[in-house]
Amino acid sequence: MDHFFSLICPNSPSVWDGKGFSECFEDIVLGFAVNVVTIVMIIVLSFSQKIGGRRGAQRSDSQTPLLEKFVLDFVPAIGACFSVLEIIFLLKKEHDGSYVEYYKWLCSCSELLLWANIILFTKCARSHCIVFNRVLCFWWILKPILGIFHLITKFSSLEVSVCIMESLVILLNISFCIAINLIRIKRLSSKSSLLEDPLLSNGGDLEEGENHDLGNNGNFWDLMTFKFISPVMNQGVLKQLDSDDLLPLLPDMSPSFCHDIILSSWREQLSNNGSNPSLLRALCNAYGWQYLRLGLLKVINDGIGFAGPLLLNKLIKFLQQGSATSSFSGSASWDGYLLALSLGLTSIIKSFLDTQYTFRLSKLKLKLRSSIMTLIYEKCLFVNLAERSKFTNGEIQTFMSVDADRTVNLCNSFHDIWSLPLQIGVALYLLYTQVKFAFVSGLAITILLIPVNKWISTLIARATEQMMKEKDERIRRTGELLTYIRTLKMYGWELLFSSWLMETRSLEVKHLATRKYLDAWCVFFWATTPSLFSLCTFGLFALMGHQLDAATVFTCLALFNTLISPLNSFPWVINGLIDAIISSRRLSRFLSCSEHRRKVGENISCSSSFPSVQPDSLQDLAVSIQDACCSWSSSDEKALNMVLNHVTLSLSKGSFVAVIGEVGSGKSSMLYSILGEMRLDHGSIYSNGSIAYVPQVPWILSGTVRDNILFGKSYHPERYTNTIKACALDVDISLMAGGDMAYIGEKGVNLSGGQRARLALARVLYHDSDVIMLDDVLSAVDVQVAQWILHNAILGPLMKGKTRLLCTHNIQAISSADMIVVLDKGHVKWMGSSTDFPTSSYTAFSPLNEMDSTSHNHQQSCSTNSSITKEQSLPDRIVMQAQEDAEDVIEVELRKEGKVELGVYKSYAAFTGWFIAVIVCLSAILMQASRNGNDLWLSYWVDTTREDGQTSYSMSFYLAILCLFCIMNSFFTLVRAFSFAFGGLQAATKVHNRLLSKLINAPVQFFDQTPGGRILNRLSSDLYTIDDSLPFIMNILLANFVGLLGIAIILSYVQVFFLVLLLPFWYIYSRLQFFYRSTSRELRRLDSVSRSPIYTSFTETLDGSSTIRAFKSEDFFFTKFSDHITLYQKTSYTETVASLWLSLRLQLLAAFIISFIALMAVVGSQGSLPISFGTPGLVGLALSYAAPIVSLLGSFLTSFTETEKEMVSIERALQYMDIPQEEQAGSLYLNPDWPNQGVIEFQHVTLKYMPSLPPALCNLSFKIEGGTQVGIIGRTGAGKSSVLNSLFRLTPICAGSITVDGMDIQNIPVRELRAHLAIVPQSPFLFEGLLRDNLDPFKMNDDSKIWDALEKCHVKEEVEVGGGLDILVKEGGMSFSVGQRQLLCLARALLRSSKVLCLDECTASVDIQTASLLQKTISGECKGMTVVTIAHRISTVINMDNILILDHGNLAEQGNPQILLKDGTSIFSSFVKASSL
């Protein structure tokens, strides 16, 4: 045996050489033996398969997937080539006269034989899949691991070619190992799917999806270089991009595909973990395998990243030897060139791997984002109102706008959480090989910082959670402000509301500031770590008695540079991970809400002792309610207030049922309970057939008139025409520009209340449902229109045979009903036919004046009306705003072109403060200068150290200067971090405050023409960017810029030739970035614009979800939302590919620079050039600085482009800082008791809503005497609301003047004017907060006055039952019925004690008895006050002092109603005749 080893290893100890295993032993055991074992295994497994596997036909070569072909043919061929090349090197070495040991021949030849075996056996039809055997797959995992140990021995040698060759062989083995294991796992999964689905004839289709990326985007080379984005980028340079120019989405990235995957995983979570389902676990089930595969790619990428410092070490040692000997042998010079080229090649390989990893990760993130957004939207479609009540609208909007993105960012954080420590660990090990245990001092600093950073991270998490709560509240308040801005302006409360919003914002900014300053400490600790590391490591190494040389110092510096990125990223990764976990928990809580997916004819029941009605007995019933108790509590809450108490009701098919009762009796709640929107605590509710529903406040979609009526159904011209006529909409539509294709703004802003109600009714008629539920649709229209709708729509042929349930106060409707249900405080008080209805007992529904309204007169009135011609019975009811076409009503969102202007950057600098901006820039430059000075001093120290270890100065002097640079660097880093945090906070605060101020002072027309979602997008997503993302990315940009500047100066100083390269390099760089930025700007703007419809659609769906569920239109709205998401996905996908296109080219450019500097260093070291390239220390410094150019250049432009993209948020905010403003100033100042008489005079007033429109008020003149009560009546669109708009200066008048007590209101400051007038608006407005604050927000009255006002308005009892003045009013006043809300608004107006009170159809939503009481209250309590009432009910104005009848903006008639009533020719008397009151 000894003879054998002496023969094989003649010049090397056989096993141990004193320091470790000998080179010979490792080559024999880890090289030759491993190869022989592998060859034997292949042969044995191949023959065993031939003997045992003759059954079953093998797949033909054409059926073999492309990936398998590549692995089986191409990889072994490359391996064989490497082996042949290694043998050629050995032959050349022997030819040059050097002795080559036998063990080297054995190792190289066995490697060649191994690859030849694989090629041979895979070509055999019977054994071509032998490499996928599980034994061999497992063995091939061990083989590269053993090879890595072998490689460590090789690196101790200075033979460069050997090191590079061995590295390539190991890399090939790792690649082959990963590939065969992945194919094996894929084959197993395809086998299992084949067993489950025998219809698949073969496995060929299973692999088609693997290559879809290639098939979709072109060939393999196009995919690797992202060339498929070129057509989009060419278009971006030439023109403004639109959605048609974007890249198409891959099928597996479509929202519907992503939604199906996540939905199945989430349902699995709900079934397995019903008590505590986790969205994170569901995401792992859906996308975990794809994500783990990306992790393998990241491992390889990170591993190659360390090849640079190792090759740099070899090259500097080579250069040191050159400077010492000043001559090279031929083979040694070739080693230098090979090393220089290898440095560049490593950078190129890393560039491709890096961009491919980012590309695939970004695609996965887009899938995740689409999945989460569609899941949230679907949940909103199916969660009923009671269950949703535990979340505010602001919270739910934050789920979509913020939490979804934060959860998606988990993709970045999760891989980084293991990758960064791995990178740090490898770097530390390599440092150990350079400076031995001296690196422990630097490591100690790092370890000491870990608990500090953990503590900081905990504080950041706490601050983030608090910040998110305040953000939810701010967005909710902002939504409330935008929704009710018209009412707030009439009250003069906009400043009060904005101050409340500012308080919420200040709390949010307080938590944001905590987070930002803690982040600044994180940045400081991690940014100064490399400098401290350098000082401690080199200081200790020198103090230990070791000599510093260029190779050691600059290899360590290169390793420090590789440490900077993971060390700096780590706190952000932890923060991102914490944010993602918090957000995913918030989403899990929302997504786990119980859903309302009710099928037609399904019985909703609650476990109770009450026996439910048997299905057989329900066949003839449309609706059956059995002993139902319902509340508005969610499933998690205890039901405190039962809104419906033990209600039992059965409605037969085809009946017309009128539900009546006082305000707050539970009429609307009964409809909601049938729809399943309330929590059923007892009993059962059954409905048979399809349902259509019109809520009390009609829900109108932003879209065309036709879209609102069709509501997702197909268009049938005849039914559509009949529907429009029945709802008296034909004249309205004919007057709209564009007819039924005219665009309606958000929430129907450009329609009157009556038009909105009729449009919602038309939707119900067109849908031809079995059960039709109408919540007080007749109150919003005038008497004649109400009569037409009742007889032609509700009782007309289109609803014949349908079950109709109408909540109403209309006497005509009640007397026409087959059945009347009287509700009182949640109980059924009376139920029976209209003939049995005891009108004497229910004075609320008996006639209110002396006019005869007997059944005979009613019938006569009906017959008269039916004979009226269409022109007479359908008067002009168009609101003037509706004449605009779609483009005029809702302005298309502006999208700027070209680059972000310099003015935007200046504005941001001004927001941060110019002084702070200067401090930030100076501290960043000085921070970089101190770091460069540190490195130059090290270079000088190395160069002044002689071979015997002697230096020009004492070691303490060198260390003192090094320490000084370190302290300076730490100080400037701290200044930069905190000044940036302070500046970012200043900007965030100022932008929000100015934006809010401008919006508050904007005229009402701006809000009518701008969808709320668009404004909310500015105040949520764009503001979040300004708060968080923009300062973060600008900080990175500044660090990258000064870093690049420092590198350019050092390289120019060290190598003169770099200056020659600088000009062409800068030209190419500038051309690339120009080409890219032209497209990226457009894509970012497209991204912002494509995001707005998502939030607008989402907000709209939140408001109308009950209507959508009633119509069973969930699928239609989900498809519509998916289309918005598809456009957003396409924009983001194109944006990602474009950035990677640039990143790859920049990294390849940087690889060329590295190769150039390295080659020039090798050429210069031979002394063949007349120009000196400096000392080895300076050359080493140049090479160590050239290495990070790859990442720094890419990072610089990425951060620059990202900054420009994020600056679009500032640009969008600045757009809204330049909107028109209301004229606030006035020359007259008012006394506190103004107006003291209440005389209102209109003199030749003309009002237009837009210059292109006909006037809404035409030369209108009238005078209202002080202390009189005046009613304004007229058909829909006559100009009634325009009178109040002009009086409150919501819309400026074009001509004429309006005076109050002789003072021209045009000269009075607008807020003062509104504060001295009182109004009860058409849509009742209550905000979330205490009832006391709702009634008296300025705290001007004591509790006794408030209770007195509530008693006068007949809501005192309800408020006392609810919990008094400290009761918390829910969002939108959902705690009260619409009628109760209206009464509370009246109480609020009475508390104002103004001499002028305006009532805008405030009795429309209350019952007749309550309306009568209100009229008595107004008559009694408002004596001496001027009361201006816009009314639909004749009973409201019959006893007033004066009435004004308007028609088309003109005063048609004026006078005392009693006198006009006696005049048979008067317009008023015709109104009264048309009404049965």
Side-chain angles (χ1 to χ4, degrees), residues 484-494 752-753 1004 1230 1234-1242 1245 1247 1256-1257 1260 1262-1274 1278-1291 1293 1298-1301 1303 1305 1308 1310-1325 1335 1349 1352-1353 1381-1406 1411 1414-1415 1417-1419 1421-1433 1436-1437 1440-1446 1451 1454:
Y484 299 108
I485 187 68
R486 178 182 287 272
T487 307
L488 290 173
K489 281 185 174 291
M490 292 175 103
Y491 281 141
W493 284 5
E494 66 268 40
S752 70
V1004 168
L1230 306 175
W1234 184 91
N1236 45 26
Q1237 295 176 351
V1239 179
I1240 300 169
E1241 187 173 1
F1242 275 57
V1245 172
L1247 180 143
L1257 296 177
L1260 185 66
F1262 62 83
K1263 185 175 181 180
I1264 298 173
E1265 295 297 335
T1268 59
Q1269 295 192 10
V1270 176
I1272 302 175
I1273 60 174
K1280 302 186 296 293
S1281 295
S1282 297
V1283 170
L1284 292 188
N1285 282 350
S1286 57
L1287 180 62
F1288 281 81
R1289 286 179 58 189
L1290 290 178
T1291 308
I1293 58 174
I1298 303 169
T1299 59
V1300 177
D1301 280 4
M1303 293 177 72
I1305 63 169
I1308 302 171
V1310 69
R1311 286 205 178 97
E1312 258 195 273
L1313 168 71
R1314 292 167 186 166
H1316 282 79
L1317 305 176
I1319 185 164
V1320 179
Q1322 184 176 1
S1323 300
F1325 161 59
L1335 296 171
K1352 288 171 184 173
C1353 297
R1381 280 179 247 166
Q1382 198 67 278
L1383 294 171
L1384 289 168
C1385 287
L1386 180 62
R1388 180 194 289 156
L1390 293 178
L1391 283 168
R1392 201 157 196 170
S1393 304
S1394 173
K1395 201 72 176 173
V1396 175
L1397 173 63
C1398 301
L1399 308 172
D1400 190 356
E1401 300 176 334
C1402 69
T1403 58
S1405 300
V1406 297
L1414 282 175
Q1415 289 305 315
T1417 301
I1418 292 164
S1419 301
E1421 298 301 324
C1422 301
K1423 279 183 179 175
M1425 290 171 61
T1426 303
V1427 181
V1428 180
T1429 305
I1430 292 175
H1432 280 149
R1433 288 180 178 151
T1436 309
V1437 298
M1440 288 192 172
D1441 303 321
N1442 203 354
I1443 58 168
L1444 305 173
I1445 299 174
L1446 299 182
L1451 183 61
Q1454 180 179 9

Novice: To the nearest 0.5 Å, tell me how far L1247 CG sits from L1260 CG.
Specialist: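 Separation between the atoms: 10.0 Å.
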Novice: Please examine the side chains of R1289 and L1313, heavy atoms only from C-beta on, and report whether any two atoms are closer than 4.5 Å.
Specialist: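 Sidechains of R1289 and L1313: in contact.
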Novice: Search all heavy atoms of V1300 against all heavy atoms of W1234 and return the closest pair with its distance.
Specialist: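 That closest heavy-atom pairing would be O-CZ2, 3.4 Å.
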Novice: In the structure I gave you, are the side-chain heavy atoms of L1287 and I1240 within less than 4.5 Å of one another anywhere?
Specialist: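 Touching, per the 4.5 Å side-chain cut-off.
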Novice: Indicate the atoms forming the closest heavy-atom contact of A1387 with L1335, along with that distance.
Specialist: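 Nearest pair, atom of A1387 first, then L1335: CB-CD2, 4.3 Å.
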Novice: Going through the checks in order, is the side-chain contact (heavy atoms from CB on, under 4.5 Å) test met by Q1454 and I1443?
Specialist: CA-CA 6 Å; Q1454 180 179 9; I1443 58 168; over 6 Å; no
Novice: How about K1263 and V1239: do any of their side-chain heavy atoms sit closer than 4.5 Å?
Specialist: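 Yes - at least one pair of side-chain heavy atoms lies under 4.5 Å apart.
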Novice: State, yes or no, whether a side-chain contact exists between R1314 and I1305 at a heavy-atom distance under 4.5 Å.
Specialist: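 No. Closest side-chain heavy atoms not under 4.5 Å.
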Novice: Return the CH2 to CD1 distance between W493 and I485, rounded to the nearest 0.5 Å.
Specialist: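 W493 CH2 to I485 CD1: 13.0 Å, rounded to 0.5 Å.
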Novice: In sequence, state the C-alpha distance, the side-chain angles, and the governing distance for M1440 and V1270, and then conclude on side-chain contact (heavy atoms from CB on, under 4.5 Å).
Specialist: CA-CA 6 Å; M1440 288 192 172; V1270 176; 5.8 Å; no
Novice: Give, for atom CD1 of I1430 and atom CG of L1399, the distance between the pair rounded to the nearest 0.5 Å.
Specialist: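 If I round to the nearest 0.5 Å, the distance is 9.0 Å.
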Novice: Any side-chain to backbone donor/acceptor pair from R1392 onto L1397? Under 3.5 Å, distance only.
Specialist: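 Not at all, since once roles are kept as given, no pair shorter than 3.5 Å links the two residues.
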Novice: So, does T1426 use its side chain to make a donor-acceptor pair with the main chain of G1267 at under 3.5 Å?
Specialist: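 Checked: pair present.
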Novice: Do the ring planes of F1242 and F1262 sit parallel (below 30°), tilted (30 to 60°) or perpendicular (above 60°)?
Specialist: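 Ring orientation, 0 to 90° scale: parallel.
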Novice: Report yes if the side chains of C1353 and L1390 come closer than 4.5 Å at any heavy-atom pair, otherwise no.
Specialist: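 Result yes, sub-4.5 Å side-chain heavy-atom pair found.
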Novice: Within the side chain of S1394, is there an N or O that forms a donor-acceptor pair under 3.5 Å with the backbone of V1396?
Specialist: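 Yes.
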Novice: If you define the side chain from C-beta out and look only at heavy atoms, does anything of I1264 sit under 4.5 Å from N1442?
Specialist: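 They are not in side-chain contact.
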Novice: Are any non-hydrogen side-chain atoms of K1395 and N1236 less than 4.5 angstrom apart?
Specialist: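 Not in contact.
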Novice: Please answer whether the main-chain N or O of E494 pairs with a side-chain N or O of K489 as donor and acceptor at a distance below 3.5 Å.
Specialist: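 Looks like no, no N/O pair under 3.5 Å.
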Novice: side-chain contact (heavy atoms from CB on, under 4.5 Å) with C1398: which of I1319, V1283, I1272?
Specialist: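 When I1319, V1283, I1272 are each tested with C1398, the side-chain contact (heavy atoms from CB on, under 4.5 Å) holds only for I1319.
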Novice: When you measure from the side chain of N1285 to the backbone of T1291, do you find a donor-acceptor pair of N or O atoms at a distance under 3.5 Å?
Specialist: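 Answer holds: no.
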Novice: Say whether R1388 and Y491, considering side chains only, have a donor N or O and an acceptor N or O under 3.5 Å apart.
Specialist: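 R1388 vs Y491: donor-acceptor pair found between side chains.
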Novice: At their closest point, which heavy atom of V1320 faces which heavy atom of A1389, and how far apart are they?
Specialist: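 For V1320 versus A1389, the nearest heavy atoms are CG2-CB, 3.7 Å.
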Novice: Do S1286 and I1298 make a side-chain contact, defined as non-hydrogen atoms from C-beta onward lying under 4.5 Å apart?
Specialist: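 Touching, per the 4.5 Å side-chain cut-off.
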Novice: Hey, what do you get for CG (D1400) to NZ (K1280), rounding to the nearest 0.5 Å?
Specialist: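 Interatomic distance, D1400 CG to K1280 NZ, rounded to 0.5 Å: 9.0 Å.
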